[in-house]
Amino acid sequence: MKFTDSPVVELSVHGTRLSIQQDNGSMHVGTSVWPCSLVLVKFAERWDPLRCAAADNPYADLLNFSNKRGIELGAGCGAAAMGLYLLGLHEVVLTDIAPVMPALKHNLKRNKPALKKTLKTAQLYWGNEEQVKSLKPPFDFVIAADVVYLEETVAPLIKAMERLVADDGVVLLGYQLRSPEAHKLFWEMCPEVFEVQRIPHVHLHPEYAYEETDVYVFRKKKKEGQNS
């Protein structure tokens, strides 16, 4: 499934169905469900360590969500964080900017029967240091899907990722090129802060492996003087 204007997008995670309502007619991109969030969840589902024998699973350590804290940046309708919560992410906070919060909260309420609880939300503008601090980092996982589309938000996004993720944590990024300018700046800046690993396309879920969509894993670069 690529981008759809259907009012409801369904996502199945190990048999539990999420039903995500979107509003493509709104003035904000955050009220639509973008493919990267689904690709990210289905990649994690494919290599779920609880279902996939460790000997056959190159991502057994990476995707071990047991007792791990996560935060999603630019959560939008919440598909990525909800999906990863169903895969065992212990504690997760979904963040976005004020205009998107009603759609996000609506979808969390809509999916409470599947999630068995209401997940936490917080308003976050990536450049707002006080808001970042109030989230009580570090997090084991920072989740972001389809968040690179405005050149002016690239630097605040990368800084927020760096501030929020633990030194031994990971950023799981679902990515699709949306703006050549933002794309160029993002991939110039990221390697200054993170070690970047691209997941091979053959390792994505076969039904959610679109040519134009990628999954990346970022880990903080060790600073001089840090133990390796």
Side-chain angles (χ1 to χ4, degrees), residues 11-18 20 36-76 78-96 104-105 107-109 111-124 131-145 147 160-174 193-197 199 203-205 215-223 226-228:
L11 176 64
S12 176
V13 182
H14 288 328
T16 298
R17 193 175 68 181
L18 295 170
I20 304 152
C36 289
S37 57
L38 312 182
V39 171
L40 190 56
V41 171
K42 296 303 276 189
F43 158 71
E45 180 196 50
R46 179 181 178 182
W47 300 104
D48 181 355
L50 299 178
R51 307 269 184 131
C52 183
D56 304 319
N57 188 348
Y59 306 107
D61 288 337
L62 171 69
L63 299 174
N64 176 7
F65 296 133
S66 178
N67 295 316
K68 301 289 175 61
R69 292 179 79 214
I71 185 166
E72 184 175 8
L73 305 184
M82 285 194 284
L84 295 182
Y85 175 77
L86 288 175
L87 290 169
L89 194 55
H90 174 66
E91 181 188 334
V92 62
V93 183
L94 294 86
T95 70
D96 213 314
L104 175 57
K105 289 180 177 180
N107 275 298
L108 290 175
K109 187 176 179 183
N111 286 283
K112 188 175 180 181
L115 299 167
K116 307 287 195 282
K117 67 178 285 190
T118 300
L119 303 183
K120 294 178 186 172
T121 61
Q123 186 173 299
L124 176 62
Q131 287 181 345
V132 170
K133 263 192 225 170
S134 72
L135 294 164
K136 298 186 168 51
F139 290 84
D140 303 295
F141 288 90
V142 171
I143 306 150
V147 291
M161 287 175 172
E162 183 183 16
R163 289 286 310 279
L164 290 165
V165 74
D167 288 343
D168 59 351
V170 295
V171 178
L172 293 177
L173 176 72
V193 181
F194 296 108
E195 302 285 352
V196 176
Q197 173 193 359
I199 301 298
H203 288 174
L204 300 180
H205 190 289
V215 171
Y216 289 91
V217 179
F218 292 176
R219 292 179 174 87
K220 272 188 185 175
K221 284 191 164 177
K222 300 285 184 193
K223 296 192 171 97
Q226 268 186 318
N227 294 326
S228 52

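Index from 1, following the sequence.
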| note | Between the CD1 atom in Ile20 and the CG atom in Leu104, the distance rounded to the nearest 0.5 Å is 11.0 Å
| Side-chain touch Leu164/Leu73, heavy atoms, less than 4.5 angstrom | yes
| query | Between atom CD of Glu195 and atom NZ of Lys221, what is the distance when rounded to the nearest 0.5 Å? | reply | 5.0 Å
| note | In terms of heavy-atom contacts, Leu40 and Gly174 come closest through CD2-N, 4.1 Å
| Judged by atom type as modelled, is there a donor-acceptor pair below 3.5 Å linking the side chain of Asp140 to the main-chain atoms of Arg69? | yes
| message | Do Leu18 and Leu115 have side chains that approach each other closer than 4.5 Å (heavy atoms only, starting at C-beta)? | response | yes
| Given the rule in the side chain to side chain contact (heavy atoms under 4.5 Å, CB included) test, do His205 and Val39 qualify, once you have shown the distances and angles that lead to the verdict? | CA-CA 7 Å; His205 190 289; Val39 171; over 6 Å; no
| message | Using the salt bridge (charged side-chain N to carboxylate O under 4.0 Å, His left out) definition, which of the options Lys222, Arg219, Lys220 pairs with Asp167? | response | Lys220
| Minimum side-chain heavy-atom gap Leu204-Lys42 below 4.5 Å | no
| Interatomic spacing from NE2 in His14 to OG1 in Thr16 - rounded to 0.5 Å | 9.0 Å
| note | The reported gap from CG in Leu94 to CD in Glu72 (rounded to nearest 0.5 angstrom) is 5.5 Å
| query | Minimum heavy-atom separation for Thr121 to Lys105, with atom names? | reply | OG1-CE, 3.4 Å
| Which pair of heavy atoms, one from Ala79 and one from Leu38, lies closest together, and at what distance? | CB-CD2, 4.2 Å
| Would you call Gln197 and Ile199 a side-chain contact if the rule is heavy atoms closer than 4.5 Å? | yes
| Should Phe43 and Leu63 count as side-chain neighbours, where that means a heavy-atom distance under 4.5 Å? | yes
| Which heavy atom in Arg163 sits nearest to a heavy atom in Pro137, and how many Å separate them? | O-CB, 3.6 Å
| query | Taking all non-hydrogen atoms of both residues, which atom of Leu172 and which atom of Phe141 are closest, and how far apart? | reply | CD1-CD2, 3.9 Å
| Is there a donor-acceptor pair under 3.5 Å between the side chain of Asn57 and the backbone N or O of Trp47? | yes
| message | Please report the interatomic distance CD(Gln123) to CG(Asp96), rounded to the nearest 0.5 Å. | response | 9.0 Å
| Where do Ala122 and Leu135 come nearest, in terms of heavy atoms and distance? | CB-CD2, 3.5 Å
| request: Kindly indicate whether the side chain of Met82, heavy atoms from C-beta on, has any atom under 4.5 Å from the side chain of Leu119. | output: yes
| message | Do Val147 and Leu173 make a side-chain contact, defined as non-hydrogen atoms from C-beta onward lying under 4.5 Å apart? | response | yes
| task | Please step through side chain to side chain contact (heavy atoms under 4.5 Å, CB included) for the pair Val165 and Phe194, ending with a clear verdict. | result | CA-CA 11 Å; Val165 74; Phe194 296 108; 4.2 Å; yes
| task | First locate atom CG of Leu87, then atom OG of Ser66, and finally report the distance between them rounded to the nearest 0.5 Å. | result | 13.0 Å
| Quick one: are Val132 and Leu124 in side-chain contact, heavy atoms under 4.5 Å? | yes
